[in-house]
A.B. asks: 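Shown below is the structure under consideration.
Residues take their numbers from the sequence shown, with the count starting at 1. These figures come from a predicted structure and were not determined experimentally.
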Amino acid sequence: MAPNNETQTKQWSAKQAVKTALSAACFRFSIQFLAWFLAFVFVVDTVAAANGLTLSKGPRDTLAIPRWLYLTTGGATIGASALLASFVTDRTFVRNLHSWSRALPTIKQWWRPIIWLGRGLGVGMLILAIYLGFTGPELPTASFTILLAFAGLRAGLPIATYLIGNVWPILNPWRTIATVLPAGFREYPHWLHRWPAVAGLLVLVWVEVIFPVSTVPTVLAMGIVLYSTITIAGAVLFGPPSWFDNADPLSVLFRLYGVVAPIQRHNGALRITLPGSELQNSDVVSDTSDVAFIIALIWELTYSGFITTSAGATTIETLVGIVSFGIVAIETRAIVVYTILFFCGYTVFLGAYWYAGRVSRRSTGTYVTAQTIAFQFAPPLLAIAAGYHLAHYAGLFVSLSPALTMALTAPLSPPANPLVLSVPSWFEGLSIAAVLIGHLLAIWVAHAAAYDVFSSRLVAIRSQYPFVVVMVGYTVISLWILSLPGATPPYLP
């Protein structure tokens with residue numbers, strides 16, 4: 001029925017706008033699902049996940065289709081998703097979608113005992129990891145220390161963090177220890193922001209690559225002791241809140257991964273939201289160091305995946321043969337090559353993102369600075385990092401979960417031959433799906449973030465183009481790595 005006065009006309013127009021926005025959103029999600037499904041059909045059962053520096057390297061199947069078609073399909077899926085997202089221009093609909101939440105029932109009388117139980121569990125696991133690293137079995141799949149560090153802390157807990165919610169503040173053993181010690185002797189230099197965490201993350205990944213921490217329990221235990229010493233000393237010197245919010249790489253990592261999760265904590269209450277809804281909040285990234293940390297999350301997974309492929313091994317061997325610098329020992333040259341590749345690749349990834357921010361500002365002619373644009377589009381990259389992590393470590397966690405369970409239930413009497421599972425063939429397709437879904441979520445969040453920055457709808461859409469190009473590049477690189485045959489990194493102990 002047609003409206004018969006001005007008020008009804010406005011109401012009718014508003015309803016029509018909402019219907020149009022909902023229709024466009026449904027259309028966009030349908031096309032995204034279809035594009036992802038076609039890509040999945042093309043590549044399922046053809047490649048296996050790159051598990052980074054896993055405890056064992058298995059051969060990967062070769063592609064059943066031309067690699068160019070496989071990569072083009074993945075890149076086109078992300079490009080098409082960005083194009084279709086641009087049709088959703090209703091700000092109210094986008095805002096309501098990201099602000100949707102529901103309170104979860106909580107039993108307050110049990111909350112404090114749960115916190116203390118988690119803190120005690122974290123400290124107990126740390127003590128056992130150090131003790132059994134020096135005295136326990138040397139077999140990696142039977143070592144409590146290695147299983148806890150890699151199957152638990154490296155693989156399983158991050159997966160639980162970005163799929164469910166962040167519980168690391170409760171489990172963090174170093175924070176628990178620091179809270180009972182006198183602390184806060186000096187004020188944390190705020191000009192440092194999160195740069196110590198960025199450096200710490202890069203160093204941790206470098207150590208994981210260069211030293212046999214994933215295969216020799218004693219080496220890993222010494223690394224844990226060193227990390228514990230530095231972390232507790234920093235927390236005592238600057239105070240636990242300042243240190244773990246800014247300088248501790250593990251705390252910053254879990255906090256950022258937790259932003260992707262559907263369960264969030266608001267004003268002391270747990271609420272369930274749509275996955276990735278919190279990525280649009282402006283307080284997720286407040287400094288250049290936050291951007292650098294997020295890019296480091298993406299790069300370290302890309303790097304660890306690449307060096308465990310045949311192409312990565314060939315590249316390392318070629319560069320080791322070329323590089324000399326007067327170094328005779330081939331192992332030393334290999335360490336130099338691994339280090340140069342790691343930090344140069346990170347510089348390229350970080351530089352590409354910042355350049356996209358400058359191109360976005362120049363192409364739109366906006367008064368908004370390139371730094372502000374870069375800050376706003378950085379949180380969506382956490383969805384990409386989560387997808388990369390799931391692709392790399394889901395198979396590792398599943399295969400070692402029986403051994404991890406046995407180690408946790410009987411840490412002082414581990415079995416001589418722990419059970420290690422072989423992941424099913426559909427896990428190969430899961431790697432592709434994780435990468436694509438992470439990028440699709442990032443595209444949508446970036447689209448919503450653009451509407452928070454720019455008042456003009458056209459400018460908001462145009463501002464995303466450089467970042468979409470970067471995301472397509474990340475997608476193609478990641479899918480290319482997943483398509484390569486696996487190999488053991490050469491020259492490393």
A.B. asks: With distance as the sole test, does Tyr188 use its side chain to make a donor-acceptor pair with the main-chain N or O of Pro241 at under 3.5 Å?
C.D. replies: no
A.B. asks: Measure across Ala352 and Val470 and return the closest heavy-atom pair with its distance rounded to 0.1 Å.
C.D. replies: O-CG2, 4.0 Å
A.B. asks: Is a side-chain donor-acceptor pair under 3.5 Å present for Trp206 with Thr339?
C.D. replies: yes
A.B. asks: Measure the spacing between OG of Ser242 and CG of Asp248 and express it to the nearest 0.5 Å.
C.D. replies: 12.5 Å
A.B. asks: Are Phe306 and Trp480 side-chain neighbours, meaning at least one heavy-atom pair lies under 4.5 Å?
C.D. replies: yes
A.B. asks: Can you see whether Thr369 engages Thr372 through a side-chain donor-acceptor pair at a distance of less than 3.5 angstrom?
C.D. replies: yes
A.B. asks: Taking all atoms of both residues into account, what is the closest heavy-atom pair of Ser401 and Val398, and its distance?
C.D. replies: OG-O, 2.7 Å
A.B. asks: Using only atom types and a distance under 3.5 Å, with no angle test, would you say the side chain of Gln376 pairs donor to acceptor with the backbone of Gln371?
C.D. replies: no
A.B. asks: Quick check: do Ile384 and Leu381 have side-chain heavy atoms less than 4.5 Å from each other?
C.D. replies: yes
A.B. asks: Report the residue from Ile130, Leu220, Ile230 that forms a side-chain contact (heavy atoms from CB on, under 4.5 Å) with Val225.
C.D. replies: Ile130
A.B. asks: Where is the tightest heavy-atom contact between Val284 and Glu278, given as atom of each residue plus distance?
C.D. replies: CG2-O, 3.5 Å
A.B. asks: Would you check if Trp299 and Val348 make a side-chain contact, meaning some heavy-atom pair closer than 4.5 Å?
C.D. replies: no
A.B. asks: With rounding to the nearest 0.5 Å, note down the distance linking OH in Tyr257 to CG in Leu157.
C.D. replies: 11.5 Å
A.B. asks: Checking the side chain of Thr302 only, and the main-chain atoms of Ile298 only, is there a donor and an acceptor separated by less than 3.5 Å?
C.D. replies: yes
A.B. asks: Within the 4.5 Å heavy-atom criterion, are Asp290 and Phe375 side-chain neighbours or not?
C.D. replies: no
A.B. asks: So which heavy atom on Gly118 is nearest to which on Leu171, and how close?
C.D. replies: O-CD2, 3.6 Å
A.B. asks: Hey, are the side chains of Tyr303 and Tyr346 touching, using non-hydrogen atoms and a 4.5 Å cut-off?
C.D. replies: no
A.B. asks: Which heavy atom of Leu153 sits nearest a heavy atom of Pro158, and at what distance?
C.D. replies: O-CD, 3.2 Å
A.B. asks: Answer yes or no: is there a donor N or O on one side and an acceptor on the other, between the side chain of Thr231 and the main chain of Ser228, under 3.5 Å?
C.D. replies: no
A.B. asks: What's the verdict on salt bridge (Lys or Arg N to Asp or Glu O under 4.0 Å) for Glu300 and Arg154, showing C-alpha distance, side-chain angles and the deciding distance?
C.D. replies: CA-CA 12 Å; Glu300 68 97 355; Arg154 188 74 164 101; 2.9 Å; yes
A.B. asks: Set out, in order, the CA-CA distance, both residues' side-chain angles and the distance that settles side-chain contact (heavy atoms from CB on, under 4.5 Å) for Tyr491 and Val337, then state yes or no.
C.D. replies: CA-CA 11 Å; Tyr491 308 120; Val337 169; over 6 Å; no
A.B. asks: Check whether the ring centres of Phe397 and His392 lie less than 6.0 Å apart, and answer yes or no.
C.D. replies: no
A.B. asks: Is it true that a side-chain atom of Ser399 and a backbone atom of Val423 form a donor plus acceptor pair closer than 3.5 Å?
C.D. replies: no
A.B. asks: Any sub-3.5 Å donor-acceptor pair from Tyr353's side-chain atoms to Ala374's backbone N or O?
C.D. replies: yes
A.B. asks: Can you tell me how far the CG atom of Leu163 sits from the CD1 atom of Ile263, to the nearest 0.5 Å?
C.D. replies: 10.5 Å
A.B. asks: Do Ile477 and Phe349 have side chains that get closer than 4.5 Å, going by heavy atoms?
C.D. replies: yes
A.B. asks: Under a 3.5 Å distance rule, please check whether Thr364 uses its side chain to pair with a backbone N or O of Ser360 as donor and acceptor.
C.D. replies: yes
A.B. asks: Using atom types as modelled and distance alone, determine if a side-chain donor or acceptor of Asn172 lies under 3.5 Å from a backbone N or O of Trp168.
C.D. replies: no
A.B. asks: Out of curiosity, Phe244 CZ to Arg175 CZ, how far, rounded to the nearest 0.5 Å?
C.D. replies: 6.5 Å
A.B. asks: What are the two closest heavy atoms between Gly122 and Pro173, and how far apart are they?
C.D. replies: O-CB, 3.4 Å
A.B. asks: Hey, does the side chain of Asn246 reach the backbone of Trp243 with a donor-acceptor pair shorter than 3.5 angstrom?
C.D. replies: no
A.B. asks: Does Tyr388 form a ring-ring contact (aromatic ring centres under 6.0 Å, His included) with His439? I'd like the steps, not just the answer.
C.D. replies: CA-CA 9 Å; Tyr388 281 13; His439 280 82; 5.6 Å; yes
A.B. asks: List the steps, then state whether side-chain contact (heavy atoms from CB on, under 4.5 Å) holds for Thr366 with Arg361.
C.D. replies: CA-CA 6 Å; Thr366 178; Arg361 184 179 189 274; 4.1 Å; yes
A.B. asks: For the atom pair CG (Leu382) and CG (Leu253), what is the distance rounded to the nearest 0.5 Å?
C.D. replies: 9.5 Å
A.B. asks: If I take atom CG from residue Leu270 and atom CD1 from residue Ile272, how far apart are they, to the nearest 0.5 angstrom?
C.D. replies: 10.5 Å
A.B. asks: Quick check: do Phe238 and Glu187 have side-chain heavy atoms less than 4.5 Å from each other?
C.D. replies: no
A.B. asks: Can you find a pair of side-chain heavy atoms, one from Glu208 and one from Phe150, that are under 4.5 Å apart?
C.D. replies: yes
